[in-house]
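Input: a single structure, listed below in structure tokens.
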Amino acid sequence: MIVVAGALALAYTVALFWFCRANGSLRGDDLVYFSDARRRPFLDFVTEQIDAHAVPLHRAATYLVPHVGRPTYGALLLVMPAVHALGVWLLYRALQAFAPNPGNAFATLWYASFVELGVIFLWWTSALHRLPYVAFSALSLYAYARFRREHSPAWAACVV
């Protein structure tokens, strides 16, 4: 089952990547944030909220992009499916850690092929706002399941 679900998730992600590569671009918020990152001090930029959300890792990543090189949608599009794949894998591992079950592969596939991913992949700020949080949340759940079983301080630290 995991092979079938994994193949379907990979096919969906690859198709989505090619669609977004042909139709996506950096847009409004992306351009504003990259411009702000170039002219503002790091701490000032990172501590500013986006709407009502404090997202310092999002802001730090956004700050680094124009300082590493010229931000292009094509280059940033390579990051999005990689972070998505990490989140999918960690979600599957977390589900298996709580209750090993062949159905976990299809539950993970349900997330991996979520229709709204297309919108997220088309917009860098949206992807960076969501995909790493899913991956880190799944990692935290996985670490919690491992901590409950092993009582290891390392897994407790990973949860935090």
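Only heavy atoms go into these numbers, but all of them, side chains included; no hydrogens, no water, no symmetry mates. Owing to the predicted nature of the structure, the values given are computational and were not obtained by experimental measurement.
- Shown here for Tyr144 and Phe98, the closest heavy-atom pair between the two residues is CD2-CZ, 3.8 Å.
- Counting only distance, with no hydrogens or angles, the side chain of Gln49 and the backbone of Val55 share no donor-acceptor pair below 3.5 Å.
- Looking at every heavy atom in both residues, Ala94 comes nearest to Ala138 through CB-O, 3.7 Å.
- By the 30° and 60° cut-offs, the orientation of the rings of Tyr111 relative to His84 is tilted.
- Trp123 and Phe34 fall into different hydrophobic clusters, where Ile, Leu, Val, Met, Phe, Trp and Tyr are joined by side-chain heavy atoms under 4.5 Å apart, directly or via other members.
- Taking all atoms of both residues into account, the shortest heavy-atom contact from Ala97 to Tyr142 is CB-CD1, 3.7 Å.
- Ring pair Tyr63/Phe42 is perpendicular by interplanar angle, where above 60° counts as perpendicular and below 30° as parallel.
- Formation of a donor-acceptor pair under 3.5 Å by the Ser140 side chain with backbone atoms of Val159 is found in this model.
- Arg40 contributes no side-chain N or O that, together with a main-chain N or O of Asp36, makes up a donor-acceptor pair within less than 3.5 Å.
- Remark: Trp110 CH2 to Leu91 CG distance equals 11.5 Å, nearest 0.5 Å.
- Remark: side-chain polar atoms of Ser137 are paired, donor with acceptor, to backbone N or O of Tyr133 under 3.5 angstrom.
- Of all heavy-atom pairs spanning Ser25 and Asp30, the tightest one is O-OD2, 4.3 Å.
- There is a path of hydrophobic side-chain contacts, each under 4.5 Å, that joins Phe114 to Leu77.
- Open room surrounds CZ on Arg21; 12 or fewer heavy atoms of other groups in view lie less than 6.0 Å from it.
- Within the 4.5 Å cutoff, the side chain of Thr108 has no heavy atoms near those of the Trp89 side chain.
- Here the straight-line distance linking atom CG of Leu95 with atom CG of Asn104 works out to 4.5 Å at 0.5 Å rounding.
- For the pair Phe136/Leu90, no side-chain contact is recorded, criterion being any heavy-atom separation below 4.5 Å from C-beta on.
- Closest heavy-atom contact between Thr62 and Pro66: O-CD, 3.0 Å.
- The environment of CZ in Arg148 is sparse: at most 12 heavy-atom neighbours from other residues, nucleotides or ligands sit within 6.0 Å.
- Remark: Arg59 CZ to His129 NE2 distance equals 10.0 Å, nearest 0.5 Å.
- Criterion: ILVMFWY side-chain heavy atoms under 4.5 Å apart, direct or through other members. Under it, Val79 and Val68 are not part of a common hydrophobic cluster.
- Counting heavy atoms from C-beta outward, Leu26 and Pro71 have side chains that approach closer than 4.5 Å.
- Hydrophobic clustering (ILVMFWY, side-chain heavy atoms < 4.5 Å, transitive): Val134 and Leu122 are in one cluster.
- One hydrophobic cluster, built from ILVMFWY side chains closer than 4.5 Å, holds both Leu10 and Tyr12.
- With contacts defined as side-chain heavy-atom distances shorter than 4.5 Å, the pair Met80/Ile120 does not qualify.
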For a side chain to side chain contact (heavy atoms under 4.5 Å, CB included) check, start with the C-alpha distance between His58 and Thr125, then their side-chain angles and the critical distance, and finish with the verdict.
CA-CA 8 Å; His58 178 288; Thr125 297; 3.7 Å; yes
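- With a 4.5 Å cut-off on side-chain heavy atoms, Cys20 and Tyr73 count as touching.
- Two residues are said to be in side-chain contact when any heavy atoms from C-beta on lie closer than 4.5 Å; Arg39 and Phe45 fail this criterion.
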